[in-house]
Amino acid sequence: MRDPKNLLRSSYSFNRRRLLTGFGATALGGSLSGVVRAETLHHSVADAPVANAASPEDSVPHLGLHQAGVVNARPANGMVASFDVLARDADELEALFRTLTARIAFLTVGGPVPMLDPKLPPADSGLLGPVVRPDNLTITLSLGASLFDDRPWLAPLKPKHLTRMTRFPNDALDADICHGDLSIQICANTQDTTIHALRDIIKASSRQMILKWKQEGNVPVITPGPDGRAESARNFLGFRDGSANPDSSDAAEMDRVVWVGPDEGEPAWATGGSYQVVRIIRNFVERWDRTPFGEQERIMGRAKMTGAPLDRREGSEFDVPDYASDPEGKATPMDAHIRLANARDEASRANIILRRPFNYSNGVTRSGQLDQGLLFICYQANLEQGFITVQRKLNGEPLEEYIKPVGGGFFYTLPGIRDASDYVGSSLIAAARGA
Amino acid sequence: MRISGLVGASALALVLSSGAFAQEASLDLVEPIAEYKIYVSEKVAKLVEDTTAFTAAVKAGEVDKAKALFAPTRLSYEAIEPIAELFSDLDVSIDSRADDYEKAEADPEFPGFHRIEYGLWEKNSAEGLAPVADKLLADVKELEGRIASLTFPPEKVVGGAAVLMEEVAATKISGEEDRYSHTDLWDFRGNFDGARKIVDLVRPLIAEKEADFLKTVDANFATVDTTLAKYKDGEGYVTYDKLTEDDRKVLAAAVNTLAEDLSTLRGKLGLD
C-alpha cells in the first residue's frame with residue numbers, strides 16, 4: 001500500500017472502471033476495488049498529476065448525473081474559455097447545447113476524424129492527427145448570470161446565488177477578461193488536446209456564440225513520495241495549493257460540498273449542478289521572491305518546503321493545524337492565508353469549497369515583470385456560503401500585497417448529460433419551455 | 001472587349017487544369033469571372049475618381065471636406081479587397097495600419113489612407129499630408145492599371161468571398177481599422193457587398209445542389225443588412241462607437257458564420 005506503483009495502478013483502475021461502467025465519480029464512493037481500498041486514500045482533485053502515468057487513452061466518461069471535470073482528478077493542463085451567447089429563444093439555446101454535447105461526445109471519447117473532399121476546408125484542425133484520443137479530456141459547461149439577465153424568458157430560472165462576479169477590495173478587474181454568458185472549462189493531459197478541443201468547439205458553434213476571453217494554465221506533474229501519496233501541486237508562489245481540499249472520492253462529501261441537491265431552494269432544473277468560480281489572480285512573483293522566507297511562510301501559514309502546518313513543521317501538508325491550541329497565532333498568525341480561509345472549526349465546515357486551480361504564465365507586463373499567476377477555479381453547492389464567504393474572510397490578508405485578481409467570473413455548472421439521448425442543459429430548456 | 005480577352009485566358013486555364021470535375025467547373029466559371037472583372041473594374045475606376053477628389057481636398061488643406069470624403073472613397077477599395085490584395089506592395093502602401101510599423105503613427109514609413117486619416121482626425125490638420133496624398137493617388141492609379149491587365153484566377157475570385165469575411169472577423173469587428181475616424185461601418189458595407197457580389201455571381205452554378213447552403217448564407221447576409229440598417233446615416237453610417245454591444249455580437253457571429261460557410265465555396269465549385 002505504500003508502494004507508489006500501487007497508487008499508479010489504482011489510478012489506472014479508477015479510470016478504467018469509470019470508463020467501463022459509465023458511472024460518474026459520485027457513483028464510485030466505496031466501490032473502489034483492487035489494490036488500494038478507498039478509505040485509505042484521500043483523493044483531492046488538486047493532487048499533482050502523477051509523473052509518467054498519463055496516457056492518451058485515459059478517458060473520463062462524459063455521461064452521468066454530473067458533468068465531468070469537477071470531482072475527477074485534475075490533469076496537467078486546463079483552460080477556461082468564456083463566450084457570449086447569441087441565442088434569442090429556447091430553440092436557439094437548445095441548438096447550441098446540442099451542438100456542444102455532440103462535440104463533447106466526440107472529443108472526450110475520441111475516434112478517427114472525418115476526411116472531406118480535399119477541395120474543402122478540413123473538418124478537423126488535425127492538431128491530434130488522424131485519430132483523436134481522449135487524453136483525459138473533460139469539457140465542462142457553465143452559465144453566467146448575463147445569459148439569464150438578458151433574456152426575460154430565462155431570467156426566472158436563474159440559480160438563486162448566481163450573480164455577475166462582484167468586485168472584492170483587492171481586485172483590479174479588467175473588463176476584457178471578466179464574466180461571459182457561458183464558460184467552458186477544458187482539461188486534459190496535454191495542452192494540444194485542450195487547444196484542439198477549443199478550436200473544434202469554436203468551429204462548430206461560430207453562429208451561436210462568440211469567444212470573449214480565455215486563460216490557459218497547467219500544473220506540475222510529480223512523482224509520488226515514498227509513502228505513495230500524491231502531493232498537492234505547487235502554485236507559482238512555490239507553495240502547495242489544495243492541501244485542505246475535500247475528499248473528491250467521498251460521494252457524500254461531494255454531495256454536501258459541491259453538488260446542488262433538490263432541497264436547497266434552487267430551481268428544480270439546477271439539481272446536480274454546481275457553482276463555478278473562476279478567478280485570474282496575478283502573482284507579483286518578483287516581489288514575492290524578494291520576500292524573506294519566514295515571512296512567506298507566515299503569510300501563507302504553511303512550511304514552504306513540505307506544506308506542513310506551522311504548528312507541526314515535522315509533519316506533512318495533510319496534517320491538520322490545531323488552531324485551538326494556538327489562540328494568539330504564535331505558531332500560525334491569525335491573518336495567515338490558510339487560517340483565514342479555513343478556521344478548521346465546525347462553523348467553517350459550511351464554507352468548504354472544492355478548488356481545482358491551474359498555474360498560468362502569460363508573458364511580460366509593460367513594466368517588464370512576469371505576468372504569472374493562478375487560474376483559480378473552484379466549485380461549491382452554495383456560492384454565498386462557499387467562495388464569497390471565504391473571500392470575505394480573506395479580504396485584507398497580508399498575501400494581498402503579492403496577488404491581484406484581474407479577471408474571471410461566476411458561473412453555474414449545468415447538471416450532467418444523463419445518457420446518450422440527453423444533452424447538456426436539457427433540464428434548463430425543459431423548464432424554460434414549461435415556464 | 002474586356003470580356004472576350006478574359007474568356008480567352010480562362011479557356012486556356014481550363015485546358016491546362018487537370019481532373020474532370022475541375023475542368024467542368026472552370027468552364028462554368030468563365031462567365032461569372034468575366035462579370036466579376038467588370039465589377040472590379042468599375043469599382044477601381046470609382047476608387048480613382050473618389051481618391052482624386054479626396055487627395056485634392058487634403059492637399060488644399062480642406063480638412064472638413066477631406067474628412068467627409070474619406071469613408072465613401074474607401075468603400076470601393078474595401079469591396080474589391082480580395083483582388084487589390086493580390087498586389088501586396090500596393091495594398092501595404094494604400095491600406096496598411098499604424099500597427100504594421102515599429103513606431104506606429106510616428107513612423108515616417110506609415111503611408112496611405114490611414115496615415116491621412118490619422119492626420120485629419122487626431123491632429124485635425126492636413127499639414128504635411130500632401131506627399132502622402134500624392135503617393136496614395138499614384139498607388140490607386142497604379143492599382144487600376146494592374147487590375148486591367150490581370151487574368152483573374154478563379155480560385156482567388158471565388159475564395160475572395162471568404163477572404164473578405166476573414167478580414168472583418170480578424171481585424172475589423174474590433175473597430176481597429178478606422179480607429180481615428182470610426183468609420184468602420186462604411187468599410188463593413190464595402191466588405192459585405194464585395195462578398196455578396198461573388199456569391200451572387202456563382203449562385204446559378206450551385207443553386208440546385210446547394211440550396212440549403214445558399215439559404216444559410218443569404219440569411220446571414222440579411223442579418224448583416226438588418227443590423228447595419230439601424231446605423232444608417234444619410235449616404236453612410238454613424239461612427240463605430242455608436243454600435244451597441246448586442247449588435248456587435250450579432251455582427252460578429254454573422255461574420256464568423258459567413259467566413260465558416262464561404263470557406264467551402266471554392267470546394268463546392270470544384271476549385272482547388
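Keep in mind the model is a prediction, meaning the values are calculated, not measured. Just so it is clear, the values below take in all heavy atoms, side chains as well, and ignore hydrogens, waters and symmetry mates. Convention: sequence-line order gives letters A, B, ...; per-chain numbering from 1.
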So if I take each residue of residues 243-252 of chain B and look for any heavy atom under 4.5 Å from a heavy atom in chain A, which residues do I end up with? B:Glu245, B:Lys249, B:Val250, B:Ala252
Specify the closest pair of heavy atoms between A:Pro121 and B:Ser263, including all atoms of both residues, with the distance to one decimal. CG-O, 3.2 Å
If I take atom OG1 from residue B:Thr257 and atom CG from residue A:Leu86, how far apart are they, to the nearest 0.5 angstrom? 8.0 Å
For chain B, which residues of residues 421-428 of chain A have heavy atoms nearer than 4.5 angstrom: none
Between A:Ser206 and the options B:Asn256, B:Leu258, B:Asp261, the side-chain contact (heavy atoms from CB on, under 4.5 Å) test singles out B:Asn256
Determine the minimum heavy-atom distance between B:Thr264 and A:Leu120, stating which atoms define it. O-CD2, 3.5 Å
State which residues pass side-chain contact (heavy atoms from CB on, under 4.5 Å) with A:Arg167; sequence neighbours excluded, sorted by chain then number. A:Asp171, A:Leu173
Heavy atoms of other groups near B:Lys156 NZ, more than 12 under 6.0 Å: no
Greater than 12 external heavy atoms within 6.0 Å of B:Lys123's NZ: no
Is there a side-chain contact between B:Arg266 and A:Lys119 in this structure, where contact means two heavy atoms from C-beta onward sitting under 4.5 Å apart? no
Nearest 0.5 Å, what's the CD1-CD1 distance between A:Ile210 and B:Ile173? 7.5 Å
Proximity of residues 91-113 of chain A to chain B, residues having a non-hydrogen atom under 4.5 angstrom: none
